[in-house]
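Below is one structure, written out as C-alpha cells, with a few remarks after it.
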Amino acid sequence: MNRILLIGGGGREDAIGRRIVDGGETLYCVSKNLNPSLARISRDYRVMDELSYEKIVQYAIEMKIDLMFVGPDPVLETPLVDLASKSGILVPSPSMAAARIETSKEYMRSFVERNGISGNIFSRIFTNGRDAAEFIRSSAMEFAIKPIGLTGGKGVRVMGVQINSREEAAAYAAEVAARDGKVLLEERISGEEFSLQVFSDGRNVSPMPLAQDYKRALEGDNGPNTGGMGSITGADHGLPFITPACRDSALSIIRSVVHHMNLEGNPFRGIMYGQFMQVDGTPKIVEINARFADPEGINVLYLLEENLPDILFRIAESSLGNYTRFLRKATTLKYIVPKGYGNSPQPGSLDIDLANMPEDLQIYYASVSGSPEKVQMTSSRALAVISRSDTIESASDRVEENLWRVKGNYYVRHDIGSREFIKAKLR
Ligand code: GLY
C-alpha cells in the first residue's frame with residue numbers, strides 16, 4: 001500500500017481523502033483543523049499550519065510518504081510542492097510557478113493574452129489607486145474590481161452587484177491598490193457561470209463533468225458572496241443551461257492553457273479548474289484555478305468511476321491519458337453553514353445521524369471539530385450533504401429528504417438544484 005499525504009481539512013479534502021482510502025492506499029493528513037471524518041480514516045494526522053512548508057516536508061519524509069496531494073489554494077502559493085518534489089516525493093499538484101495561473105490574476109490575464117487564447121476579456125492592472133479611480137470614472141464600461149492574489153471568493157466586487165455607483169467602484173479600486181500595491185479591473189460580463197475541472201499531467205488533459213456552484217449566501221442568489229453554498233452536475237456531464245458547443249469551447253481553452261504552459265517551460269500538473277461565463281453562447285474566462293473546486297470537486301469525486309490514487313500517480317508520472325470515466329448520474333450538493341454565515345455567523349453544534357445512510361447520499365465534513373456524530377461549527381462552512389440521482393432535481397429532493405439527519409441551528413440553501421430554481425434559470 002502506498003502512503004499518500006493530503007494537505008487540507010475542508011469538505012473538498014474529506015472527499016479526496018475518502019477516495020484515496022477507497023482506492024486502497026494509506027492516508028496521512030496535515031491540516032490546520034482536526035477534521036473529524038479525515039481523522040477517522042487517516043493512519044496519522046498532524047494539525048499544523050498548512051503554510052509551514054518546511055515542517056510539512058520534514059513530516060512527509062519522516063512518514064516515508066510516496067505521494068503528496070494539495071487541496072487548498074493558499075498552500076499552492078508556498079514552495080511546498082517544489083520542495084517535496086526535490087525531496088523525491090511524487091506530487092500531482094502544480095509547482096509554485098505553475099500555480100500562478102490561479103495565485104496571480106495578473107499572470108493569468110497576461111499569459112492568456114500573449115498566447116492568443118480565446119475567452120479573454122478586457123482587463124487592466126493599475127499600480128496607482130488614483131489612476132484606477134480616474135479610469136473607472138471616465139469609462140462607460142462596468143467593471144469587476146479584483147485583488148491580484150487569492151481572495152477566498154470574497155475580495156471581488158462587481159459594479160451592479162456588490163457596488164452600486166461608479167464613485168463606490170472608484171473608491172474600492174483605490175482601496176485595493178493602496179492595500180496591495182496593485183488592482184485589476186476587468187470588464188463586467190453577464191451570463192451563466194460554470195466550472196470545468198480537468199486532470200492534467202502537463203501535456204494530457206482529461207475532463208470532468210461540468211458543474212455550477214452557488215456563491216451567494218442566501219436563497220435566490222442573494223446576500224454576500226461566500227466560498228460556495230452548494231453545487232450541481234448534470235447526468236449527461238453537461239448543464240441544462242450551458243450549450244454543448246460552449247462546453248467544448250471551454251475545454252479547448254483549458255487544453256490550450258495546458259499546452260502553452262508546457263511550451264513556456266512551466267508545465268501544469270494537477271487539477272485545473274476553469275471558471276467560465278457563457279456569454280452569447282461562448283465561454284469567457286472568469287478565473288483559472290489550480291486545484292479542485294470546493295464544493296464542485298466533491299460533486300465530481302462522487303461520480304468518479306476510476307481509482308483516484310491511480311490517477312494521481314499517473315499525473316505525477318506524466319502518463320495520464322485523455323479520458324477518465326464518471327458515472328452518468330446527476331448530483332446536487334448543499335452546504336450546511338452556521339446561521340448568519342457570510343455576515344455574522346453564529347456557530348453552534350450539530351448532531352449527525354449516520355445510521356443506515358442510503359447508498360446515494362454522503363455527508364462530508366468541512367470546518368468543524370468534534371466527532372463524526374457531533375460537531376462544533378466554526379464561522380465557516382460545516383457539512384456538505386450531497387446526493388446522486390438521475391436528475392439534478394431528484395438529487396436535490398434526496399438531500400432535502402435527508403436533512404433530518406443533521407440536527408442543530410444551521411442554515412442551508414434549499415433552493416439549490418430544486419425544480420423551481422432550475423426552471424427559473426432555463427427561463
Ligand atoms: N467554487 C469556488 C472555488 O472553489 O473557488
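Position 1 is the first residue of the sequence; numbering continues from there.
Residue K407 places its NZ atom among more than 12 non-hydrogen atoms of other residues, nucleotides or ligands, all under 6.0 Å distant. Counting non-hydrogen atoms of neighbouring residues, nucleotides and ligands closer than 6.0 angstrom, the NZ atom of K425 exceeds 12 such neighbours.
D180 and K182 are not joined by a salt bridge, as no carboxylate oxygen comes within less than 4.0 angstrom of a charged side-chain nitrogen. Using a cut-off of 4.0 Å between Lys/Arg side-chain N and Asp/Glu carboxylate O, R216 and D221 are scored as not salt-bridged. The residues E306 and R314 are annotated as salt-bridged, a charged nitrogen and a carboxylate oxygen being separated by less than 4.0 angstrom. The pair R398-D360 meets the salt-bridge criterion, with a side-chain N (NZ, NE, NH1 or NH2) lying under 4.0 Å from an Asp/Glu carboxylate O. A salt bridge does not link E106 to R100: none of the charged nitrogens lies less than 4.0 Å from a carboxylate oxygen. A salt bridge links R18 with D14: the distance from a Lys NZ or Arg NE/NH1/NH2 to an Asp or Glu carboxylate oxygen falls below 4.0 Å. Taking 4.0 Å as the cut-off between side-chain N and carboxylate O, D73 and R291 count as a salt-bridged pair. A salt bridge links E186 and R109; the closest N-O separation between the charged side-chain nitrogens and carboxylate oxygens is under 4.0 Å.
Figure legend: K339 and Y411 shown without cation-pi pairing, the cationic atom not lying both under 6.0 angstrom from the six-membered ring centre and within 45 degrees of its axis. Taking the centre and axis of the six-membered ring of Y172, the NZ or CZ atom of R157 falls inside the cone set by 45° and 6.0 Å.
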Check: Could you walk me through whether Q197 and M272 pass the side-chain contact (heavy atoms from CB on, under 4.5 Å) check?
Finding: CA-CA 6 Å; Q197 302 166 87; M272 188 176 280; over 6 Å; no

Note to self: If you apply the rule side-chain contact (heavy atoms from CB on, under 4.5 Å), what do you find for V375 with Y365, and how did you get there?
What the structure shows: CA-CA 9 Å; V375 299; Y365 293 67; 3.9 Å; yes

Item checked: Test side-chain hydrogen bond (donor to acceptor under 3.5 Å, both in side chains) applied to Q275 and S195, step by step -> CA-CA 5 Å; Q275 210 183 324; S195 306; 5.7 Å; no

Check: Step by step, would you call L308 with I16 a side-chain contact (heavy atoms from CB on, under 4.5 Å)?
Finding: CA-CA 8 Å; L308 180 64; I16 298 167; 4.1 Å; yes

Check: Would F421 and Y214 satisfy ring-ring contact (aromatic ring centres under 6.0 Å, His included), going step by step from the backbone distance to the final call?
Finding: CA-CA 12 Å; F421 196 65; Y214 300 93; 5.2 Å; yes

Next item on the list: Would you please test K32 and D49 for salt bridge (charged side-chain N to carboxylate O under 4.0 Å, His left out) and show each step?
Entry: CA-CA 5 Å; K32 57 181 191 263; D49 180 3; over 6 Å; no

Item checked: side-chain contact (heavy atoms from CB on, under 4.5 Å) assessment of Y364 paired with L38 -> CA-CA 10 Å; Y364 292 100; L38 285 168; over 6 Å; no

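The side-chain heavy atoms of I416 and I232, taken from C-beta on, include a pair separated by under 4.5 Å. S93 has its side chain out of reach of R269: every pair of non-hydrogen atoms, C-beta onward, lies at least 4.5 Å apart. Taking the side chain as every heavy atom from C-beta outward, I242 and L210 approach each other to under 4.5 Å. A heavy-atom distance below 4.5 Å is found between the side chains of I386 and N299. Side-chain contact between K334 and R413 is absent, with no heavy atoms from C-beta onward closer than 4.5 Å. At least one side-chain heavy atom of E359 sits less than 4.5 Å from a side-chain heavy atom of R388. Inter-residue side-chain proximity for Q162 and N225 is flagged as met; some heavy-atom pair is nearer than 4.5 Å. For the pair L361 and R405, the minimum side-chain heavy-atom distance is below 4.5 Å.
Side chains of Y302 and S387: no donor on one and acceptor on the other come within 3.5 Å. Under the 3.5 Å distance criterion, with hydrogens and angles disregarded, a donor-acceptor pair is assigned to the side chains of D294 and Y335. Checking S206 against T324 by side-chain atom types alone, a donor-acceptor pair falls below 3.5 Å. Checking E219 against H414 by side-chain atom types alone, no donor-acceptor pair falls below 3.5 Å. Judged by distance alone, the side chains of S369 and Q376 never bring a donor and an acceptor atom under 3.5 Å apart. For the 3.5 Å distance criterion, the side chains of Q212 and E192 qualify, holding a donor opposite an acceptor. Between D213 and S231, the side chains place no donor N or O within less than 3.5 Å of an acceptor N or O (distance only, hydrogens not considered). Looking only at atom types and distance, the side chain of S389 has a donor-acceptor partner in the side chain of S394 under 3.5 Å away.
Remark: the backbone N or O of L327 is paired with a side-chain donor or acceptor of H237 at under 3.5 angstrom. Panel note: side chain S252, backbone D248; a donor-acceptor pair is recorded below 3.5 Å. Put simply, the side chain of E168 gets close to the backbone of N164: a donor and an acceptor are under 3.5 Å apart. Looking at T332, its side chain does come within 3.5 Å of a backbone N or O of I392 through a donor-acceptor pair. In this structure a side-chain-to-backbone donor-acceptor pair under 3.5 Å is missing from K284 to V279. A donor-acceptor pair under 3.5 Å is absent between the side-chain atoms of S42 and the main chain of Y45, judged by distance alone. No donor-acceptor pair under 3.5 Å is formed between the side chain of Q346 and the backbone N or O of N409. Between the N307 side chain and the G23 main chain, a donor and an acceptor come within less than 3.5 Å of each other.
Taking the six-membered ring where the residue is Trp, F326 and F199 present parallel rings, their angle staying beneath 30° rather than reaching 60°.
Note: I20 CD1 to C29 SG = 9.0 Å, rounded to the nearest 0.5 Å. Rounding to the nearest 0.5 Å places CD1 of I89 at 15.0 Å from CZ of F69. To the nearest 0.5 Å, atom CG of residue L303 and atom OG1 of residue T331 are 5.0 Å apart. One finds the CZ atom of F313 at 12.5 Å from the CD1 atom of I311 (value rounded to the nearest 0.5 Å). Expressed to the nearest 0.5 Å, how far CG of L239 lies from CD of E193 amounts to 12.0 Å. A distance of 5.0 Å separates CD1 in I65 from CG in L5, rounded to the nearest 0.5 Å.
The side-chain contact (heavy atoms from CB on, under 4.5 Å) with M63 is formed by just one residue from the set Q58, R46, R43; it is R46.
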